[in-house]
Amino acid sequence: MKMRVIVRVLGLVVASQTLLLQPFAVTGFGVAVGGGVIASSSSSSSSYFGRRSSNSRSSKSFTIGAVASAGETIECSSASSLPVVSHDVPPSWDELSNALAKALADNKNEQEEPTALLTLFRDTNAWCPFCERVWVALRVKGIPYKEQLVSLQNKPEWYKAMVPTTLVPAVLFHGDLYNNNSDEKRNERKIVWESLDVMKALDKEFPNHGPQLLIMDDDNNDEYSPAFKQAMELADSMNSAGFAFIYSSRNETISDAEQETSKQNFVQELDNLDEALANAVGGPFRLGKDFTGLDAIIVPTLERWRYQLPITIGMDILENRPHLQAWFDAMDSFSPYSDRVAGDAYSWTATQAMFSRYFGGGEDKPEVAKAIELSETLSQQMTSSFADAVVVDVDGTFALEAASKLISNYEAVVNDCTNAEPKSQKDVQRGTDSKAADLVLRYVASILLSPNPSQEAAEAPLVVLDSDSSGTTATQDAALAARTVAARLCVPRDMGAPAAKLFRKVLATVANRLENSK
């Protein structure tokens with residue numbers, strides 16, 4: 001049975017539908033090539049989980065949690081939780097779905113839900129850097145929007161007919177646009193593609209939603225300001241140098257001397273960025289104290305380099321670059337980015353093995369084999385610390401985000417974590433007992449809907465499972481299923497980093513307790 005659940009999360013519509021795995025594509029749940037298991041691919045999924053801009057035309061605000069540093073107290077609470085249930089017999093998925101709907105309704109903001117003003121079309125995997133630019137820009141400006149995911153390997157005909165380039169991202173403006181800076185509206189539906197063109201259109205059509213993304217010249221509104229233009233040129237130069245160096249290692253016609261020159265060019269560009277950040281008056285963002293479109297433009301590539309270059313080429317872009325580190329610190333605490341758009345260290349590390357296999361030029365190459373082995377080793381090491389994560393989720397937003405994805409995709413989750421022939425992350429061990437997996441995931445879902453998921457995961461009475469005829473205990477298989485789901489979870493494709501961090505913590509804590517139970 002497939003289940004479609006439509007719920008409203010803090011006034012934001014979330015629609016999810018379970019679908020089957022497809023080769024080299026994400027289609028609702030699971031990924032055939034590397035990492036992640038709980039993506040939703042619906043015809044019109046939610047606008048975002050996160051804080052809207054306080055000066056948004058139709059804004060509404062709500063408090064969100066933040067990732068805590070080590071040693072901080074975990075504070076998690078949900079406005080509504082499940083009724084008292086027998087822990088050794090977790091609620092059914094229907095009961096969980098009803099409890100989730102009640103929790104979400106109770107947690108809904110009192111203000112009226114705003115009407116979506118546009119639709120963002122982006123890639124299913126959330127790996128497209130140009131989509132990421134627009135995604136974070138929309139969240140920064142606080143524009144209510146719908147979202148539709150497009151498979152890059154199997155683009156629908158209607159999308160190719162709508163967008164001349166057939167590429168993502170694209171944004172459909174629904175109408176009700178504003179003339180200049182006035183309150184006068186005009187009804188005009190239009191489609192805009194290319195990330196920079198979309199950002200320009202957002203500034204033009206929604207001048208009263210959030211900050212201006214692209215800083216234009218005071219005397220010529222069709223040109224960037226001198227400072228913005230200079231920063232754009234530096235970003236372009238850095239990207240060009242970075243990709244020239246990274247891909248030079250795959251070109252066997254390039255000499256060692258040429259590759260070293262390419263490396264030094266890249267290093268110099270990174271140093272130039274660090275110096276520019278040092279000179280940004282007021283910091284810590286690219287052009288000063290406030291986030292601008294420049295930060296949205298540079299973060300996708302820098303995020304990937306930050307986590308993946310240490311694996312592929314042994315380069316740490318943050319080494320001896322304190323101002324770049326300070327910029328990342330600012331981005332990591334900037335909720336429009338960090339709560340939903342940002343990838344996390346585990347996901348980028350785990351997916352690098354897949355990237356190396358498919359794009360490295362062959363596993364017979366020593367450097368490719370080394371990158372794959374390092375990726376899988378590091379990601380496996382990271383899973384051992386999932387239970388120790390510290391997450392602050394004051395109003396339960398992150399727990400509800402995780403619970404929503406699990407409950408609305410439970411069939412596919414169970415199938416994935418017990419799949420005997422996985423298409424990706426084959427180094428992650430799967431269980432064989434689907435009943436045990438189903439039972440433990442219902443237990444985990446009930447914990448996510450409790451007032452304090454972290455505490456409940458550690459202290460609530462454990463679900464009871466029986467041994468099967470083969471002698472392998474269902475308890476052990478249930479623990480393995482929980483670990484598999486934690487390892488397969490991919491950020492930001494499946495959910496935001498804070499929600500995933502809490503979800504993995506609960507899964508790992510439950511798995512630890514099951515394995516230690518006798």
Side-chain angles (χ1 to χ4, degrees), residues 52-59 117-118 120 129-145 165 167-186 188-240 269 272-273 275-302 327 330-331 334 336-337 341:
R52 290 207 172 103
S53 172
S54 61
N55 61 348
S56 168
R57 180 180 295 275
S58 56
S59 67
L117 299 179
L118 49 81
L120 168 65
F130 304 104
C131 294
E132 185 174 333
R133 291 178 176 183
V134 175
W135 195 6
V136 70
L138 284 170
R139 288 174 55 83
V140 168
K141 288 186 75 69
I143 302 170
Y145 68 96
T165 63
L167 303 176
V168 290
V171 167
L172 174 66
F173 291 77
H174 296 175
D176 289 339
L177 304 178
Y178 292 87
N179 289 321
N180 299 321
N181 291 319
S182 71
D183 290 330
E184 180 184 354
K185 290 184 179 180
R186 69 184 191 277
E188 178 184 323
R189 290 175 64 86
K190 65 178 181 179
I191 187 80
V192 181
W193 55 94
E194 302 292 348
S195 59
L196 285 179
D197 290 335
V198 171
M199 293 168 72
K200 289 178 183 178
L202 294 177
D203 279 343
K204 178 181 178 181
E205 304 297 353
F206 300 103
N208 299 321
H209 277 78
Q212 288 293 105
L213 299 167
L214 308 181
I215 312 303
M216 310 308 290
D217 187 79
D218 292 336
D219 298 325
N220 184 354
N221 202 40
D222 292 329
E223 298 288 340
Y224 296 132
S225 70
F228 197 92
K229 182 178 180 180
Q230 183 180 23
M232 283 284 289
E233 291 172 349
L234 192 153
D236 290 342
S237 180
M238 178 188 67
N239 284 336
S240 296
E269 292 295 340
N272 291 343
L273 174 61
E275 182 181 357
L277 288 166
N279 294 328
V281 179
F285 294 108
R286 178 61 185 86
L287 293 181
K289 65 182 182 65
D290 297 319
F291 179 97
T292 68
L294 244 303
D295 299 288
I297 289 167
I298 65 176
V299 71
T301 302
L302 287 171
W327 178 82
M331 292 298 297
F334 186 58
Y337 167 72
V341 181

What class does the angle between the rings of F228 and Y224 fall in, given that below 30° is parallel, 30 to 60° is tilted and above 60° is perpendicular? tilted
Do L234 and R286 come within less than 4.5 Å of each other through their side chains, counting heavy atoms only? yes
Locate the shortest heavy-atom distance separating Y337 from M331; write the atom from each residue and the value. CD2-O, 3.2 Å
Could you check if a side-chain atom of M232 sits within less than 4.5 angstrom of a side-chain atom of L196, using non-hydrogen atoms only? yes
What is the distance from atom CG of D197 to atom NZ of K204, rounded to the nearest 0.5 Å? 11.5 Å
Is the shortest heavy-atom distance from the side chain of M238 to the side chain of N272 under 4.5 Å? no
Which heavy atom of M199 sits nearest to which heavy atom of A137, and what is that distance? CG-CB, 4.4 Å
Under 3.5 Å: donor-acceptor pair, side chain of N239, backbone of D236: no
Mind checking whether L202 and L118 have side chains closer than 4.5 Å, heavy atoms only? yes
Minimum heavy-atom distance P129-P300, with the two atoms named: O-CG, 3.3 Å
So does L213 get a backbone contact from the side chain of D203, meaning a donor-acceptor N/O pair under 3.5 Å? yes
When rounded to the nearest 0.5 angstrom, what is the spacing between CD1 in I215 and CG in L287? 7.0 Å
Sub-4.5 Å side-chain heavy-atom contact between L120 and V198: no
Flag the pair P226 / D217 as yes when at least one side-chain heavy-atom distance between them is below 4.5 Å, and no otherwise. yes
Taking all heavy atoms of G288 and all of A280, pick out the closest pair and write down the distance. N-CB, 3.7 Å
Validation row, ring centre F285 to ring centre F334 under 6.0 Å: yes
W193 vs F130 side-chain heavy atoms within contact, under 4.5 Å: no
Nearest-0.5 Å distance that lies between atom CH2 in W327 and atom CG in L273: 7.5 Å
In Å and rounded to the nearest 0.5 Å, what is the CG to CE distance from N221 to M216? 5.5 Å
More than 12 foreign heavy atoms under 6.0 Å from CD of E233: is that the case here? yes
Quick one: closest heavy-atom pair of L214 and G293, and the distance? CD2-CA, 4.5 Å
Short side-chain to backbone donor-acceptor contact, K141 and P211, under 3.5 Å: yes
Calculate, to the nearest 0.5 Å, the distance between atoms OH and CG belonging to Y145 and L172 respectively. 15.0 Å
Using 0.5 Å steps for rounding, measure from the CG atom of L294 to the CZ atom of R133. 9.5 Å
